[in-house]
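Note sheet for the following structure.
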Amino acid sequence: MAKIYPVGKYKEAKKLFIRELTPDQLGMAFALSYKKLIVDEENEDLDIIIFANGNRVKDVSKDNLHSYQERDYVSKIYNYFKNKNRNLVIFHILLDPDISLNIDSKIFAHYIDFLSSKSNVRTINLIGHSKCGPVFFNMPKFFKNPNSFEKTSLVTTASPFAGCLIATPKLFFKEVRTVIDNNLPSPLNKLVFNALSNYYNHTSSNSRMDNDIALPGFESDKYDPEFIKKLFDLENINAIKQLRYYHNFTTGVDDTSLMKSLKRGDFTSVGLCLIDRYFMSELTDGFVEVSSQEKVNEHLDHPTSNVKSATHYFLSHEDELAIVLDYINDRLDELEKQKIYSKK
């Protein structure tokens, strides 16, 4: 299990992290876990991999100190690369859910500027899953170090570039209520709806970071309607074009997804398949509409790949995570070939 290192709770008014935290605050703090993979002691060059998926500390840990094996993405990525002959530092960033996503973008940009200033850091490879896709997409415009553009690449996966219904409770629960009322008698329909509402609000869209990916028009005192609205402004597009590369992966439930999830014993994905089937009016991965994931195609010519039959939870499976890591590894291989060719 990867160890978790808390950074602190961010105070926007003071623009700083509060380091002294109570146990309850630790579960909601900005934090990270990491591992080093050094296979060539004589080569000082490091490739950095930063994975972020919007998880909070309390989502991945019981004691706020170590990640559950199932949510230990650092170890999953480490296991993929351990035989690839690369010197790596692998990070999983855990978000403070009370920070706006725009502030998250600024915090990440500041950290990338710091890493890119290190002469031994060769590349910085970002993987932004779910809400962290838009966070990373929004980030490069805040770079202050030119090296950050030269060294940084971005891969986004299952990302709600146009927002998503499931992060918009007032709209989502209209759909849920209709389905439940049409399929369950009274008073069972009310009991089921209340139970589902309580679970949803406890685990999902009850925070600033979730509200920021709500569909346009959602009203809340913890909501930045400009974040999604301005995501494809020219400033963001021009900044993305300056990165080493950008690639987008989409996911979506199809006719084989439910059976695949059942065979794996992946009941989270089973639940996502059922949400897609009964509560969503268009094609989704159980959380994010495919049309929202593909929104980036309207603004960039960069290629998009589809992970077949995949739910929003796909990166928890090492074979499907490998699809994304294969792409990053291939690009690092290309960099090595260019280096060898330039020496000739």
Side-chain angles (χ1 to χ4, degrees), residues 2-8 17 30-53 72-95 104-129 132-133 135-157 236 238-247 302 321 324-343:
K3 186 175 179 180
I4 296 171
Y5 299 88
V7 176
F17 283 100
F30 201 95
L32 58 87
S33 56
Y34 75 94
K35 281 186 177 181
K36 290 183 178 181
L37 175 60
I38 306 299
V39 296
D40 185 355
E41 296 284 354
E42 295 182 2
N43 182 3
E44 294 184 354
D45 287 346
L46 283 175
D47 294 310
I48 307 292
I49 295 181
I50 298 177
F51 173 76
N53 61 344
D72 184 1
Y73 293 99
V74 166
S75 295
K76 293 176 189 291
I77 296 171
Y78 180 98
N79 289 338
Y80 172 89
F81 278 105
K82 65 183 179 183
N83 296 318
K84 301 293 187 185
N85 196 35
R86 302 196 187 286
N87 291 345
L88 296 172
V89 182
I90 303 160
F91 292 93
H92 181 196
I93 306 296
L94 301 162
L95 299 189
D104 278 325
S105 296
K106 292 179 180 179
I107 292 170
F108 279 121
H110 180 72
Y111 188 54
I112 299 304
D113 280 340
F114 166 75
L115 290 175
S116 66
S117 69
K118 304 297 180 182
S119 60
N120 65 325
V121 171
R122 185 178 69 151
T123 67
I124 302 167
N125 305 272
L126 305 177
I127 306 171
H129 179 66
C132 288
V135 169
F136 282 155
F137 195 93
N138 185 58
M139 175 194 64
K141 69 182 178 187
F142 297 118
F143 287 160
K144 298 188 182 304
N145 184 347
N147 289 336
S148 295
F149 289 105
E150 295 175 10
K151 295 185 177 184
T152 302
S153 63
L154 171 60
V155 168
T156 53
T157 62
N236 276 351
N238 287 339
I240 288 291
K241 289 179 177 179
Q242 295 179 64
L243 298 179
R244 274 199 317 120
Y245 68 82
Y246 168 67
H247 193 86
H302 293 67
L321 174 61
V324 176
L325 298 181
D326 280 345
Y327 184 87
I328 293 171
N329 186 61
D330 288 346
R331 300 303 292 262
L332 291 173
D333 280 344
E334 290 175 8
L335 198 62
E336 287 292 332
K337 291 176 183 177
Q338 291 172 8
K339 182 179 177 181
I340 294 170
Y341 182 79
S342 64
K343 285 183 177 179

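Please read these numbers as outputs of a predicted model, since none were measured by experiment.
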Hey, is the main chain of [Y] close enough, under 3.5 Å, to the side chain of [X] for a donor-acceptor pair?
X    : Y    : result
D104 : V135 : no
K151 : V121 : yes
S75  : D72  : no
D45  : R122 : no
N87  : E41  : no
R86  : N329 : yes

Problem set entry | H247 atom NE2: more than 12 heavy-atom contacts under 6.0 Å |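 Yes.
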
For this session: Report, as yes or no, whether the 6.0 Å neighbourhood of atom CG on D330 holds more than 12 heavy atoms from other residues, nucleotides or ligands.
Result: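 Buried by this count: over 12 neighbours within 6.0 Å.
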
Problem set entry | Full working for side chain to side chain donor-acceptor pair (under 3.5 Å) between T123 and D47 | CA-CA 5 Å; T123 67; D47 294 310; 2.6 Å; yes

For the student: nearest non-hydrogen atoms of [X] and [Y], plus distance:
X    : Y    : answer
D113 : K144 : OD2-N, 2.9 Å
I4   : S33  : CA-CB, 4.4 Å
L321 : K76  : CD2-CB, 3.7 Å
L37  : K82  : CD2-CA, 3.7 Å
F136 : G128 : CD1-CA, 3.4 Å
H129 : F51  : CB-CE1, 4.2 Å

Exercise. To the nearest 0.5 Å, how far apart are CG in L32 and OH in Y111?
Worked result: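 One gets 6.5 Å once the value is rounded to the nearest 0.5 Å.
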
Exercise. What distance do E336 atom CD and D333 atom CG have between them, rounded to the nearest 0.5 Å?
Worked result: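 Between E336 CD and D333 CG, I get 7.5 Å after rounding to 0.5 Å.
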
[X] vs [Y] side-chain heavy atoms within contact, under 4.5 Å:
X    : Y    : value
I127 : C132 : no
F81  : L325 : yes
L126 : I49  : no
I124 : I50  : yes
T157 : V155 : yes
L94  : F30  : no

Problem set entry | Pair S116, N147: side-chain N/O donor-acceptor within cut-off below 3.5 Å |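 Looking only at side-chain atoms, N147 and S116 do not form any donor-acceptor pair under 3.5 Å.
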
Exercise. Side chains of R244 and N125: do they bring a donor and an acceptor to under 3.5 Å?
Worked result: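 Present: a donor and an acceptor within the cut-off.
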
Parallel, tilted or perpendicular: ring planes of [X] versus [Y], cut at 30 and 60 degrees:
X    : Y    : value
Y73  : H92  : perpendicular
F143 : F149 : perpendicular
Y34  : Y5   : tilted

For this session: Just do the salt bridge (Lys or Arg N to Asp or Glu O under 4.0 Å) check on K337 and E334 with the steps written out, would you?
Result: CA-CA 5 Å; K337 291 176 183 177; E334 290 175 8; over 6 Å; no

Problem set entry | Worked check of side-chain contact (heavy atoms from CB on, under 4.5 Å) between L88 and Y78 | CA-CA 9 Å; L88 296 172; Y78 180 98; over 6 Å; no

Exercise. Within 45° of the six-membered ring axis of Y80 and under 6.0 Å from that ring's centre, is NZ or CZ of K84 located there?
Worked result: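 Yes, K84 sits over the ring of Y80.
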
Problem set entry | Aromatic ring proximity, centroids under 6.0 angstrom, F108 and F142 |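 Centroid separation for F142 and F108: 6.0 Å or greater.
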
Exercise. Got a sec, which residues hit side-chain contact (heavy atoms from CB on, under 4.5 Å) with N238, two or more places apart in sequence or on another chain?
Worked result: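 Counting only residues at least two positions away or on another chain, N238 forms a side-chain contact (heavy atoms from CB on, under 4.5 Å) with L234.
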
Exercise. Knowing that exactly one of L243, L154, N236, I112 qualifies, which makes a side-chain contact (heavy atoms from CB on, under 4.5 Å) with M139?
Worked result: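 Among the candidates, only I112 passes.
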
